Amino acid sequence: MRPRFTAAHWGAYEIHGTGAATKLAPLPRDPHPARIGGGWLDAMRNTDTRIARPAIRAGWLKSRDRKRAGDAPFVQVPWDEALDIVAEELKRIVDTHGNSALYAGSYGWAAAGRFHHAQSQMRRFLNTIGGYVSSANTYSHAAAEVILPHIVGLTNRGFLDQTTSWPLVAQHCELLVAFGGISKRAAQVTSSGTSVHETQDWLDRARARGCHIVNISPLRSDVDAEGGAEWIAPRPGTDSALMLALAHELFVTGKANRDFLSRCTNGAEVFEAYIMGSDGTPKTAEWAAEICDIPSDTIRDLAARMAHSKTMINLAWALQRADHGELTLWAGLALACVLGQIGRPGTGFAFGYGSHETVGRPRKLIDWPSVPQGTNPVSDFIPVARLADMLANPGQAYTYNGEHRRYPDTKMIWWSGGNPFHHHQDLARLDTLWQRPDTVVVMDHSWTATARRADIVLPTTSALERDDLMINRRDPALVYMSAAMPPLGEARDDYDIFAALASRMGTKDAFTEGRSAQEWHEALWQDCAGVAEKNGFDLPTFDAFRQVGLFDVPDTAQERLLFKDFVDDPEANRLNTTGGRIEIESAAIAQMGLADCPAHPVWREPAEWLGQAQPDQLHLILGQPDTRLHAQNDSGSTSKASKTVGRETCTIHPQVAQAHGLENGDVVLLENARGACLAGVQVSDALRPDTVALPTGAWLDLRVIDGKPTCIHGNPNMLTLDKGSTGLSQGNIAHTALVRLRKWDGPLPEITVHRQPVFVES
Ligand SMILES: Nc1nc2c(c(=O)[nH]1)N[C@H]1C(S)=C(S)[C@@H](COP(=O)(O)OP(=O)(O)OC[C@H]3O[C@@H](n4cnc5c(=O)[nH]c(N)nc54)[C@H](O)[C@@H]3O)O[C@H]1N2
Ligand SMILES: Nc1nc2c(c(=O)[nH]1)N[C@H]1C(S)=C(S)[C@@H](COP(=O)(O)OP(=O)(O)OC[C@H]3O[C@@H](n4cnc5c(=O)[nH]c(N)nc54)[C@H](O)[C@@H]3O)O[C@H]1N2
Ligand SMILES: [Mo]
């Protein structure tokens, strides 16, 4: 029998068997299937953590109280009752306070299918009833999204689209300097789904040809050790100082590419003067050695090797998810300009090789259609990571990309397809501020920490319970996603839920356009056929596609070389910046007058860092988890198998283990002024001794222990700092946090977040 298929952000799968015997098998063509996939099916079958029926928080139902807490009791109600209540409340909020009182930024990854995309459906619905306050940018790379248009004249997406392709790196690059590494772990994932995982192979090919990789990161594992890589581990948050010192070294040794600087950049003189000490401090190797805590000889030696090799500089996205993240990205680009190898095969500058599987993929990009969302009549938005600030300070002023804006006054929150009690920083603060709005509606398939903090919970199907289309402009295959299991309990598709709400709001025709989900799939496919035709190929009929399940887009091979045309002829191919070149100094940014983001890249001390730490403080490293996508699949077998005594596992250095009398399998309390969490211990010498690594994504299980808000399950966002990266982008700074650690020898509280909440009768 011909297999059926499904897909997720971490890969595409064949569906084998039926009923209890159903199994998912990665596509045979995928050389490196994602580890994450192992826990998908059982997480979606987990009746302890799935939401089976609509539910309303008992306190809200009874008296509209706002006591949203992780352990709040719920009343299960029939669908019609839940939908009536939601529609009534939505009308009340909009009529009383206007649509600007509805915050539905609803950031999150949801599922990979093109039609049943939670946020698209939600926005489409809310746009039919007058709109909502939205959010700008992402948790992934907000700082880059805002600064790149100023300094290279491209959006972040445009920049990623032009990233030099991996084959050119594999063929030509001699020295790959990877700030934040290039890891198999993060490259498991790409937004919208992928039929193959190739990043690892490109890295291996480069190495096989003799390319030397320098992993500049607190973690050795940020480049796989088996393949071989040199490891330099500066203090976290100090990369920009290292970059400035590398540039200094190039200038003083006469290795700076002055031809490139004068032809292709603006502001190089000011930058050079700063590097040479216009502020009183030359940015020498000794200067940076002190800040970064690495030997000055290492810096000098690396600069020399960069100058005499064909060198590619890559920054992992993580580097700008930190205090002054804009400046770090900018410093990396400026260093690449001083080196002057941008625009040549396999060298120059990249942002995010390894951060997503598709970055640098040598494929033609095809702009497939998506579900039209309509237009939002409300123009108000917040920078996505300023969620808690918005709740704390309605009306307060803040800056964003040169604008002076004010936070709206939120009375209702709508979240579908995201998990702020996973992704936001300083979760104890968010937990307090979350009590402010009148009403919180959450749509999800699982009882996440966010669903538990809602007033009204509407259970959705997961991607495994419905048909959909995997259509990713960066992937060479289109996948017809077939349902692998029936909807769990009373779960409904987001589309059906919004259609039923639209009926109640009087906008059903506008929302559905009279189509069923399958009719939407067919209509989308028709639109795809038009796009295919423009690209010179035909798609099969919808029925044929559904039968076969996979379509391989023909002739997708395409290589790209970032800024080649511009570097070949900067006058003829000006960049879309103020001065038409790469801006090492930006008049537009200078004009904003931001204290924390001046006119050119500089070193600024982060809000918290090891250079200003007590001897017993450690820097918290929180990479993306190897066994999950964020908090998704945390209740599945693969994620659970990676835990220690049921908690997220943190990695500590043997010196820390010795100082605190710890060994593998122990439990520690990580804490700072903001909160605390319990984590299991794994000892390894593959990280800086003054750091502790704890992946993100353990479902928040919050208690108060010794007066302190504590996640007993190991969620690192209890410890992170909720502050904008700079007044330019206001991006999150998840990677900027110091903690203390001690052995936990108290009783181990039982984890309850992987169980159903308490249900009561109304
Ligand atoms: N400390 C720290 N925090 C971080 C980061 C970090 O590096 N460090 N990284 C940040 C980054 S880069 C990101 S992108 C964010 C990610 O943050 P999120 O995207 O919020 O995390 P997910 O767990 O992927 O949340 C997606 C939610 O959608 C739900 N869902 C799945 N399918 C459907 C569906 O069909 N319908 C509906 N309604 N819901 C569905 C899932 O169950 C899940 O709860 O986290 C950020 N947070
Ligand atoms: N398995 C898996 N893969 C994922 C995801 C997932 O949830 N699970 N999420 C996806 C998403 S949404 C995104 S945005 C991308 C993010 O992709 P990345 O940002 O590339 O991934 P991270 O794991 O956040 O960070 C990479 C590494 O940066 C290092 N690092 C931290 N601080 C510093 C520093 O100050 N200096 C230097 N030099 N290095 C530092 C850490 O050691 C960390 O391992 O990952 C994607 N890939
Ligand atoms: Mo992300």
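All residue numbers refer to positions in the sequence shown, counting from 1. Since the structure is predicted, the reported quantities are computational estimates derived from the model, not experimental observations. Atoms considered below: every heavy atom in the structure, side chains included; atoms not considered: hydrogens, waters and symmetry mates. Indexing begins at 1, ligand by ligand and atom by atom, following the structure's order.
For R466, every heavy-atom contact with ligand 1 shorter than 4.0 Å involves the side chain, none the backbone.
For ligand 1, the atoms sitting less than 4.0 Å from at least one non-hydrogen atom of T448 are 44 (O), numbered in the order shown with element in parentheses. Atoms of ligand 1 lying under 4.0 Å from any heavy atom of A118, numbered from 1 in the order shown and given with element: 36 (N), 37 (C), 38 (N). Residue contact check: D494 has heavy atoms under 4.0 Å from atoms 34 (C), 35 (O), 36 (N), 37 (C), 38 (N) of ligand 1. Proximity to A111 (heavy-atom distance under 4.0 Å) selects the following atoms of ligand 1: 32 (N). Proximity to S416 (heavy-atom distance under 4.0 Å) selects the following atoms of ligand 1: 38 (N).
Checking S725 against Q320 by side-chain atom types alone, no donor-acceptor pair falls below 3.5 Å. Between the side chains of T649 and Q682, no donor-acceptor pair is found at a separation under 3.5 Å. Side-chain contact annotation: T138 with E145, donor-acceptor N/O pair under 3.5 Å present.
We find that D389 and R429 are joined by a salt bridge, their nearest charged nitrogen and carboxylate oxygen being less than 4.0 Å apart. D634 has a carboxylate O that lies under 4.0 Å from a charged side-chain N of R628, or vice versa, which qualifies the two as a salt bridge.
The aromatic rings of W434 and W415 lie tilted to each other, with the angle between the two planes from 30° to 60°.
Of all heavy-atom pairs spanning A517 and Y495, the tightest one is N-CE2, 3.8 Å. Among all heavy-atom pairs drawn from A144 and F351, the shortest one is CB-CE2, 3.4 Å.
The closest approach between a heavy atom of H424 and any atom of ligand 1 is not below 4.0 Å. Residue contacts with ligand 1 do not include S446, since none of its heavy atoms lies under 4.0 Å from the ligand. Heavy-atom distances between N732 and ligand 1 stay at or above 4.0 Å for every pair. Note on ligand 1: G417 sits in its first shell, one or more heavy atoms being nearer than 4.0 Å. A110 counts as a contact of ligand 1, since one of its heavy atoms falls under 4.0 Å from the ligand.
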Can you list every pair where an N/O of ligand 2 is under 3.5 Å from an N/O on the protein?
| from | atom 1 | to | atom 2 | distance (Å) |
| --- | --- | --- | --- | --- |
| ligand 2 | 1 (N) | R185 | O | 3.0 |
| ligand 2 | 1 (N) | Q188 | NE2 | 3.3 |
| ligand 2 | 1 (N) | P625 | O | 2.7 |
| ligand 2 | 3 (N) | R185 | O | 3.3 |
| ligand 2 | 3 (N) | A186 | O | 3.4 |
| ligand 2 | 7 (O) | H630 | N | 2.7 |
| ligand 2 | 8 (N) | P625 | O | 2.9 |
| ligand 2 | 8 (N) | R628 | O | 2.9 |
| ligand 2 | 9 (N) | H630 | NE2 | 3.3 |
| ligand 2 | 19 (O) | A318 | N | 2.7 |
| ligand 2 | 19 (O) | R321 | NH1 | 3.4 |
| ligand 2 | 19 (O) | R321 | NH2 | 3.1 |
| ligand 2 | 20 (O) | S355 | OG | 2.7 |
| ligand 2 | 23 (O) | R185 | NH1 | 2.8 |
| ligand 2 | 23 (O) | R185 | NH2 | 3.3 |
| ligand 2 | 23 (O) | Q624 | N | 2.9 |
| ligand 2 | 24 (O) | R321 | NH2 | 2.5 |
| ligand 2 | 35 (O) | G237 | N | 2.7 |
| ligand 2 | 35 (O) | D239 | OD1 | 3.4 |
| ligand 2 | 36 (N) | D239 | OD1 | 2.7 |
| ligand 2 | 36 (N) | D239 | OD2 | 3.4 |
| ligand 2 | 38 (N) | G180 | N | 3.4 |
| ligand 2 | 38 (N) | I216 | O | 2.9 |
| ligand 2 | 38 (N) | D239 | OD2 | 2.7 |
| ligand 2 | 42 (O) | S217 | OG | 3.4 |
| ligand 2 | 42 (O) | D222 | OD2 | 2.5 |
| ligand 2 | 44 (O) | R185 | NH2 | 2.9 |
| ligand 2 | 44 (O) | D222 | OD1 | 2.7 |
| ligand 2 | 44 (O) | D222 | OD2 | 3.0 |
| ligand 2 | 45 (O) | S355 | O | 3.2 |
| ligand 2 | 47 (N) | A186 | O | 2.8 |

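In this structure A693 satisfies the side-chain contact (heavy atoms from CB on, under 4.5 Å) test together with L219, I621, T651, L687, sequence neighbours excluded. Scanning for side-chain contact (heavy atoms from CB on, under 4.5 Å) contacts around S120 gives H117, Q373, with sequence neighbours left out.
Among the atoms of T720, none of the N or O lies under 3.5 angstrom from an N or O of ligand 1.
Every pair passing side-chain hydrogen bond (donor to acceptor under 3.5 Å, both in side chains) that includes a residue from residues 482-492 is listed here, sequence neighbours excluded: R53-E490.
Partner of R466 under the side-chain hydrogen bond (donor to acceptor under 3.5 Å, both in side chains) criterion, chosen from D496, T461, D493: T461.
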